[in-house]
Amino acid sequence: MNKKWWKEAVVYQVYPRSFKDSNGDGVGDLPGVIEKLDYIKSLGVDVIWLCPVYDSPNDDNGYDIRDYYDIMADFGTMADFDQLLEGIHQRGMKLLMDLVVNHCSDEHKWFQESRKSKDNPYRDYFIWKPGKNGGPPNNWQSFFSGNAWEYDEATDEYYLHLFTKKQPDLNWENPKVREEVHKLMKYWLDKGVDGFRMDVISVISKRNFEDSPYKDFNKTIDNVYANGPRVQEFLQEMNREVLSKYDVMTVGEGPGINLESGLQYVSSSAEALNMIFHFGHMFMDHGPGGRFDPKPIDFLEFKKVFRLWDEYLKEEGWGSVFLGNHDFQRIVSRFGDDGAYWKESAKLLSLLLFSMRGTVYVYQGDEIGMTNVAFDTIEEYDDVEIKNAYKEWKAEGKDLDQFLKNVHINGRDNARTPLQWNDAEQAGFTSGTPWLKVNPNYTAINVASQEGDENSILAFYRRMVAMRKEHPTLVYGDFAPIQEDHPSVFAFWRWDEEAAYLVLLNFSEETQEFGLDDRFDSSKLRIVEANDFDFGEPQSGKVKLKPWQAVLARVR
Ligand code: TEU
């Protein structure tokens with residue numbers, strides 16, 4: 001296995017809007033991140049993935065970029081950015097920027113020009129089509145409700161927006177667009193940025209604009225929007241023209257990247273990207289109606305996804321290991337237990353993250369076990385995905401109380417409430433009124449209350465990062481499940497020629513007896529890490545796992 005720094009790195013994702021507000025305007029900002037760099041460093045992480053900080057009207061909280069060469073006023077100035085980058089490098093860490101180039105803002109000068117006339121030089125920077133039968137060019141739906149085409153009267157055509165209508169899709173078929181993207185990438189790389197997380201990079205190559213034959217939106221994503229005919233070519237060109245000239249890390253975010261298409265992005269022969277975020281485990285509680293049609297997670301399916309992707313990527317590719325980010329609910333609420341077993345299950349999920357093959361990503365706040373939030377009214381929510389879906393439910397006369405319940409379960413704002421620093425006013429996030437309300441449980445769940453507590457979730461994350469560095473088999477070693485059909489325990493092996501490890505995770509609130517097969521000599525079992533080190537008599541060939549108990553043991 002060829003070793004690389006970005007394979008061994010632990011990445012900490014910062015959603016700046018919710019991280020720390022330094023000037024009391026209620027919005028997190030770059031000086032706030034600078035203020036907390038020592039905290040981030042104290043976690044032991046190597047890389048910070050910073051969500052978009054470019055100038056933006058914030059229709060989608062920065063994922064609608066108006067100027068790729070300027071910093072959003074809410075977040076500060078370019079001087080603040082330069083200071084942040086210097087502070088990150090001074091502490092021996094690296095910075096990944098969020099590259100959002102499937103689309104930009106409708107307020108970007110390119111789009112302002114493009115919409116002026118059909119023969120404007122910027123017209124083909126975007127995807128314009130005449131209507132059909134008095135409506136949009138086809139039946140494509142936006143990720144954010146409604147159809148994916150917006151009629152523009154000035155030129156009597158529609159433009160494509162797979163996300164909001166303020167996020168027009170860029171036309172990657174146009175070499176000028178690709179040159180613009182390469183140019184802006186070089187600008188940031190020449191400033192010293194260490195790589196990019198590439199937003200919805202899986203959908204930049206569009207197929208023909210036929211109607212989608214699928215009712216299930218996830219099938220449309222997989223087979224109509226994502227993995228288009230030229231996606232690998234575009235990324236290989238990007239690698240040739242830009243990335244190959246720097247020692248950088250790249251991760252492609254890809255709705256629709258699946259077990260047939262993934263390797264074209266990350267195989268060593270592809271010479272495209274270093275790794276991808278696949279979403280095999282991230283949409284399984286989305287019913288046919290998508291995110292706001294929640295369904296329970298199938299635990300056996302959850303375990304199977306980890307095996308399938310490990311098998312798929314292990315020879316040729318490389319993957320990321322993550323359970324949450326700014327687009328999904330809090331991991332302890334989604335995959336753990338944010339009630340009676342909050343602490344145990346938060347630690348169990350951490351042990352899962354840090355014992356899997358792939359580059360590990362931790363989302364801000366998960367290191368202290370932040371949970372979902374349940375605001376009383378829809379007006380307290382900010383996310384455009386939630387608001388657009390609410391409008392759609394209302395227009396269709398659907399049950400709005402049920403909608404709010406579904407937002408409590410699967411809404412993205414669950415992960416966007418301000419980071420809970422201490423039990424002071426507004427959780428120490430701001431001296432003003434936060435842009436999104438603080439989770440009321442901040443008095444119990446916050447960084448300050450966990451600092452110095454060796455039994456805290458925060459202390460456990462720090463131990464996990466240290467463990468990962470001490471046991472490189474956990475980065476590169478092979479993986480195989482044990483009793484994959486067990487209804488409550490996620491058990492697996494990790495091994496290479498240096499060492500072998502057993503991981504036992506009880507995803508239930510019942511005590512589980514688990515038979516240890518005879519492939520290893522249990523007398524050699526030595527616990528490396530656990531959220532509870534007492535787990536019965538392994539010598540007897542079986543162990544008793546307490547509710548939400550997590551154990552990583554070395555067996556060779
Ligand atoms: O997300 C794309 C994406 O796959 C998720 O947004 C998810 O599919 C969506 O929430 C539908 O459920 C990226 C960014 O991470 C997200 O924050 C942006 O809103 C989106 O792209 C558009 O840039």
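The first residue in the sequence is number 1, and the count goes up from there. All ligand and atom numbering here is 1-based and tracks the order in the structure.
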Self-check item: Set of ring-ring contact (aromatic ring centres under 6.0 Å, His included) partners for Phe299, sequence neighbours left out
Solution: Phe507
Self-check item: Candidate pair Arg66 and Asp64, rule salt bridge (Lys or Arg N to Asp or Glu O under 4.0 Å), full reasoning
Solution: CA-CA 7 Å; Arg66 180 168 49 200; Asp64 50 317; over 6 Å; no
Self-check item: Glu311 and Arg307 ion-paired at < 4.0 Å
Solution: yes
Quiz item: Are Asn147 and Trp140 side-chain neighbours, meaning at least one heavy-atom pair lies under 4.5 Å?
Solution: no
Exercise. Run through ligand 1 for me and note each protein residue having a heavy atom under 4.0 Å from it, chain first, then residue number.
Key: Asp60, Tyr63, His103, Phe143, Phe144, Phe163, Gln167, Arg197, Asp199, Val200, Glu253, Pro255, Phe283, Arg291, His326, Asp327, Glu385, Arg412, Arg416
Self-check item: Criterion side chain to side chain contact (heavy atoms under 4.5 Å, CB included) on Tyr159 and Lys129, from CA distance to verdict
Solution: CA-CA 6 Å; Tyr159 65 86; Lys129 298 278 177 203; over 6 Å; no
Quiz item: Do you see a donor-acceptor pair shorter than 3.5 Å between the side chains of Tyr68 and Glu180?
Solution: no
